[in-house]
Amino acid sequence: MRFLWVLIILVASATGLFAESRYTVVDNTLTFDMTIEEPGYEFTGEVEAYDATKIKNYLFDNPNIDTLRVSGPGGYGPAGRDISAYLVQHHIKTEAFGECSSACARIFLGGKTRILAQGATLGFHRPWINKETEKRFFDANRAENNWNEEFDYVPWIYDVAIEDVVEGITFLRSRGVDMDFILKIYSTSSYDMWEPARDELIAAGVVNK
């Protein structure tokens, strides 16, 4: 009897640890939940630069993985683009669960086939700029680029923003997403979130299985 209770406690503990992992591999599926903390890294509850490296390493080290399950509110855009490009390159399938918005939706769209779990949502908006990040970039690069003041920086960041939009539209079209749907994404403020209904996602080619 005592052995049975010890076994139950061990199983329960293992289950608790399993549920709290940011990255979990089960059979041929890697689950990435950006709302769970990864030990050793600053926790923001969002996708971060280190996630791209971690996920690519998991996929490289486990060639049997053919599906990425993903959830979270978004976060660092370049990480989302990096992960989605890797998924496209390696023909990985995706499944979104819970809330999957912004950069998370970008990751989801990298999937060869894309499934939306029961009760899950996808959220979209146009890209946004973090002023603190841009201020640090301006200060670090102003001498090299002869930016005497912030207004000298405006033409450069404007070009970057346009390039970002063109890249996003090109990517979405390459994933089979309807142009009217794309225009709706880029009509949604950076500070709002558009969560289309499941039938809209299917009709637009966002969810394709």
Side-chain angles (χ1 to χ4, degrees), residues 19 22-36 44-48 51-52 55 58-59 65-129 161-209:
R22 190 174 178 88
Y23 318 100
T24 305
V25 177
V26 177
D27 297 328
N28 65 340
T29 300
L30 169 63
T31 297
F32 169 42
D33 187 343
M34 61 188 72
T35 66
I36 297 175
T44 63
E46 301 178 338
V47 63
E48 296 293 344
D51 288 310
I55 289 172
Y58 271 104
L59 295 173
I65 294 176
D66 64 7
T67 302
L68 175 68
R69 296 180 69 245
V70 62
S71 182
Y76 186 53
R81 291 194 292 272
D82 193 7
I83 295 168
S84 65
Y86 194 85
L87 300 181
V88 172
Q89 180 182 0
H90 295 277
H91 311 289
I92 303 297
K93 297 178 284 187
T94 53
E95 178 183 349
F97 65 99
E99 174 197 0
C100 183
S101 299
S102 192
C104 181
R106 169 68 184 239
I107 293 170
F108 172 78
L109 279 158
K112 178 181 179 181
T113 59
R114 303 182 289 273
I115 298 173
L116 187 65
Q118 187 67 32
T121 60
L122 292 174
F124 302 89
H125 59 181
R126 59 176 172 250
W128 62 283
I129 291 176
I162 295 299
E163 288 174 0
D164 188 67
V165 170
V166 171
E167 186 279 333
I169 293 173
T170 302
F171 171 78
L172 290 164
R173 289 297 293 149
S174 76
R175 309 313 292 155
V177 179
D178 180 76
M179 192 63 202
D180 286 341
F181 188 94
I182 296 172
L183 291 176
K184 175 67 174 177
I185 292 174
Y186 283 95
S187 297
T188 302
S189 169
S190 305
Y191 305 100
D192 291 331
M193 192 67 70
W194 175 42
E195 295 184 348
R198 181 179 293 265
D199 57 351
E200 291 180 88
L201 295 166
I202 295 171
V206 176
V207 174
N208 62 9
K209 185 175 180 181

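We number each residue from 1, following the sequence as shown.
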What distance do C104 atom SG and F32 atom CZ have between them, rounded to the nearest 0.5 Å? 7.5 Å
Closest contact, heavy atoms only, V47 versus A79: CG2-CB, 4.1 Å
How many angstroms lie between CG in D178 and CG in L172, if you round to the nearest 0.5 Å? 11.0 Å
Would you say CG of D199 has more than 12 non-hydrogen atoms from neighbouring residues, nucleotides or ligands within 6.0 angstrom? yes
For E195, the side-chain hydrogen bond (donor to acceptor under 3.5 Å, both in side chains) test, sequence neighbours excluded, returns none
Non-neighbouring partners of N28 that pass side-chain hydrogen bond (donor to acceptor under 3.5 Å, both in side chains), sequence neighbours left out: D66
Closer than 3.5 angstrom, by distance alone: can the side chain of S71 be matched with the main-chain N or O of F97 as a donor-acceptor pair? yes
Non-hydrogen atoms of R175 and G110 that approach each other most closely: NH2-O, 3.3 Å
Atom NE2 of H90 and atom CG of L59: how far apart are they, to the nearest 0.5 Å? 8.0 Å
Is NZ or CZ of R81 both nearer than 6.0 Å to the six-membered ring centre of F171 and within 45° of the ring axis? no
Using the six-membered ring wherever Trp is involved, compare the ring planes of F124 and F181 and label them parallel, tilted or perpendicular (cut-offs 30° and 60°). perpendicular
State, with a plain yes or no, whether a side-chain heavy atom of I182 is found less than 4.5 Å away from one of R173. yes
Donor-acceptor check, side chain of H125 to backbone of D192, threshold 3.5 angstrom: yes or no? yes
Regarding S84 and R106, do their side chains bring together a donor and an acceptor under 3.5 Å, going by distance alone? yes
Taking every non-hydrogen atom, the tightest pair across A96 and L122: CB-CD2, 3.9 Å
Separation between CD of Q89 and NE2 of H91, rounded to the nearest 0.5 Å: 8.5 Å
Pairwise side-chain contact, E95 with T31, heavy-atom cut-off 4.5 Å (strictly under): no
Rounded distance (nearest 0.5 Å) linking atom CD1 of I107 with atom CG of D51: 7.5 Å
Please report the closest heavy-atom contact between C100 and F108, naming both atoms and the distance. SG-CB, 4.4 Å
Between T35 and D33, is there a side-chain donor-acceptor contact under 3.5 Å, judged purely by atom types and distance? yes
For G74 and S102, the nearest pair of non-hydrogen atoms, with its separation, is CA-CB, 4.1 Å
Taking all non-hydrogen atoms of both residues into account, name the closest pair between R114 and V207 and its distance. O-CG1, 3.4 Å
In this structure, which one of I185, L201, I202 forms a side-chain contact (heavy atoms from CB on, under 4.5 Å) with P196? L201
Value for CD1 (I55) from OH (Y23), rounded to nearest 0.5 Å, stands at 6.0 Å
Expected output: side-chain N208 to main-chain G205 donor-acceptor under 3.5 Å: no
Pair I169-M179, side chain to side chain contact (heavy atoms under 4.5 Å, CB included): steps then yes or no: CA-CA 8 Å; I169 293 173; M179 192 63 202; 4.1 Å; yes
